[in-house]
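Written below as structure tokens is the structure these notes are about.
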Amino acid sequence: MITIYKDKNDISDDMEYVELNDIFFNQKTILKLDNYAKEIIEKVDGSKLLSKYKIMSKFNEVALDIDCLSTGCKTILNVLYFPNKVFCMKECGDNAIELLYSLKNGNIYSDYAMIPFDMPAVRVANNSKYHIINDYEELKKWWENEM
């Protein structure tokens, strides 16, 4: 289950926070890509992973460097391969957010609500305490400080 932080102060000192998903992906995550990355790349960007560093664009079937993936796709892959770090999710589109919420573990941050309508249970951090939320409205209230 994914853990969501809305306040950077709730992120433990022993966890690294990553704001720039593109740079992190290009420097670290790209080295870890495997068959599971193929599925995510196809679901989020509609592209095919040709090799560790090349994708086939869904638009014109041209081979592109893998750094041409969307930031949302890169964010999901960062969270997947580095579940002990906290990644900013602010640059994710709706399709990436839905898949991000479905990951079995990982940590994400946003100071404003980014919630898919069909959301699974998530773990939220608030004042260094954690609890589970499995309802869209309840999560929205948490994000808006109404809980």
Worksheet item: Does Met89 belong to the same Ile/Leu/Val/Met/Phe/Trp/Tyr cluster as Ile41, with side-chain heavy atoms less than 4.5 Å apart forming each link?
Response: yes
Discussion item. With rounding to the nearest 0.5 angstrom, report the CD1 to CZ distance, Ile2 to Phe87.
Written reply: 10.0 Å
Discussion item. Run the side chain to side chain contact (heavy atoms under 4.5 Å, CB included) test on Ile76 and Phe25 for me, step by step, so that the C-alpha distance in whole Å, both residues' side-chain angles and the decisive distance to 0.1 Å come before the verdict.
Written reply: CA-CA 10 Å; Ile76 294 168; Phe25 176 87; over 6 Å; no
Discussion item. Can you confirm if the NZ or CZ of Lys32 lies within 45° of the ring axis of Phe82 and under 6.0 Å from the centre of its six-membered ring?
Written reply: yes
Practice prompt. Nearest 0.5 Å please: distance from the CG atom of Leu100 over to the CG atom of Asp94.
Written response: 12.0 Å
Response to the item:
Smallest heavy-atom separation, Val86 atom then Met15 atom, equals CG2-CE, 3.5 Å
Worksheet item: What pairs meet the ring pair (Phe, Tyr, Trp, His ring centres under 6.0 Å) rule with one or both residues in residues 100-120, with sequence neighbours excluded?
Response: Tyr17-Tyr109, Phe117-Tyr136
Worksheet entry | Minimum-distance pair of heavy atoms, taken over all atoms of Cys73 and Asp45 | CB-OD2, 3.7 Å
Item to complete: State, to 0.1 Å, how close Glu42 and Ser47 come at their nearest heavy-atom pair, and which atoms those are.
Response: CG-O, 3.1 Å
Discussion item. Can you confirm whether Asp118 is buried at CG, in the sense that more than 12 heavy atoms of other residues, nucleotides or ligands lie under 6.0 Å from that atom?
Written reply: no
Fill in: Closest non-hydrogen atom pair, Ile66 against Lys52
CD1-O, 3.7 Å
Practice prompt. Determine, using the 4.5 Å side-chain heavy-atom cutoff (strictly less than), whether Ile30 and Ile23 are members of one ILVMFWY cluster.
Written response: no
Item to complete: Please round to the nearest 0.5 Å and tell me the distance separating atom CH2 of Trp143 and atom CD of Glu138.
Response: 13.0 Å
Worksheet entry | Minimum-distance pair of heavy atoms, taken over all atoms of Leu80 and Tyr36 | CD2-CD2, 3.1 Å
Worksheet item: Minimum heavy-atom separation for Asp10 to Tyr130, with atom names?
Response: O-OH, 4.3 Å
Discussion item. If I take atom CD1 from residue Ile108 and atom CG from residue Asn78, how far apart are they, to the nearest 0.5 angstrom?
Written reply: 12.5 Å
Worksheet item: Checking side chain to side chain contact (heavy atoms under 4.5 Å, CB included) for the pair Leu139/Ile4: CA distance, chi angles, key distance, verdict?
Response: CA-CA 10 Å; Leu139 184 57; Ile4 303 171; 4.2 Å; yes
Worksheet item: Would you say Asn127's side chain and Lys129's backbone share a donor-acceptor pair under 3.5 angstrom?
Response: no
Discussion item. Whether the side chain of Asn107 engages the backbone of Pro83 through a donor-acceptor N/O pair (distance < 3.5 Å, no angle test) should be reported.
Written reply: yes
Item to complete: State whether the number of non-hydrogen atoms from other residues, nucleotides or ligands found under 6.0 Å of Lys28 atom NZ is greater than 12.
Response: no
Worksheet item: Step by step, would you call Ile115 with Val122 a side chain to side chain contact (heavy atoms under 4.5 Å, CB included)?
Response: CA-CA 11 Å; Ile115 311 167; Val122 295; over 6 Å; no
Item to complete: Determine, using the 4.5 Å side-chain heavy-atom cutoff (strictly less than), whether Ile97 and Leu99 are members of one ILVMFWY cluster.
Response: yes
Worksheet item: Any donor and acceptor pair, going by atom type alone, linking the side chain of Asp65 with main-chain N or O of Asp67 inside 3.5 Å?
Response: no
Worksheet entry | Same apolar cluster (I L V M F W Y, side chains within < 4.5 Å links), Ile11/Phe24 | no
Fill in: Separation of Asn134 CG from Met119 CE (nearest 0.5 Å)
6.5 Å
Item to complete: Tell me whether Val79 is reachable from Met114 by hopping between hydrophobic residues (I, L, V, M, F, W, Y) whose side-chain heavy atoms are closer than 4.5 Å.
Response: yes
Discussion item. When you compare the side chain of Lys43 with that of Asn95, does any pair of heavy atoms fall below 4.5 Å?
Written reply: no
Worksheet entry | Atom pair SG/NZ of Cys68 and Lys54 - distance to nearest 0.5 Å | 8.5 Å
Worksheet item: Please walk me through it: do Lys6 and Asn145 pass side-chain hydrogen bond (donor to acceptor under 3.5 Å, both in side chains)?
Response: CA-CA 10 Å; Lys6 67 175 177 179; Asn145 296 318; 2.6 Å; yes
Worksheet entry | Residues in side-chain hydrogen bond (donor to acceptor under 3.5 Å, both in side chains) contact with Asp22, at least two apart in sequence or another chain | Thr71, Lys74
Worksheet item: Does atom NZ of Lys38 have more than 12 heavy-atom neighbours, drawn from other residues, nucleotides or ligands, at distances under 6.0 Å?
Response: no
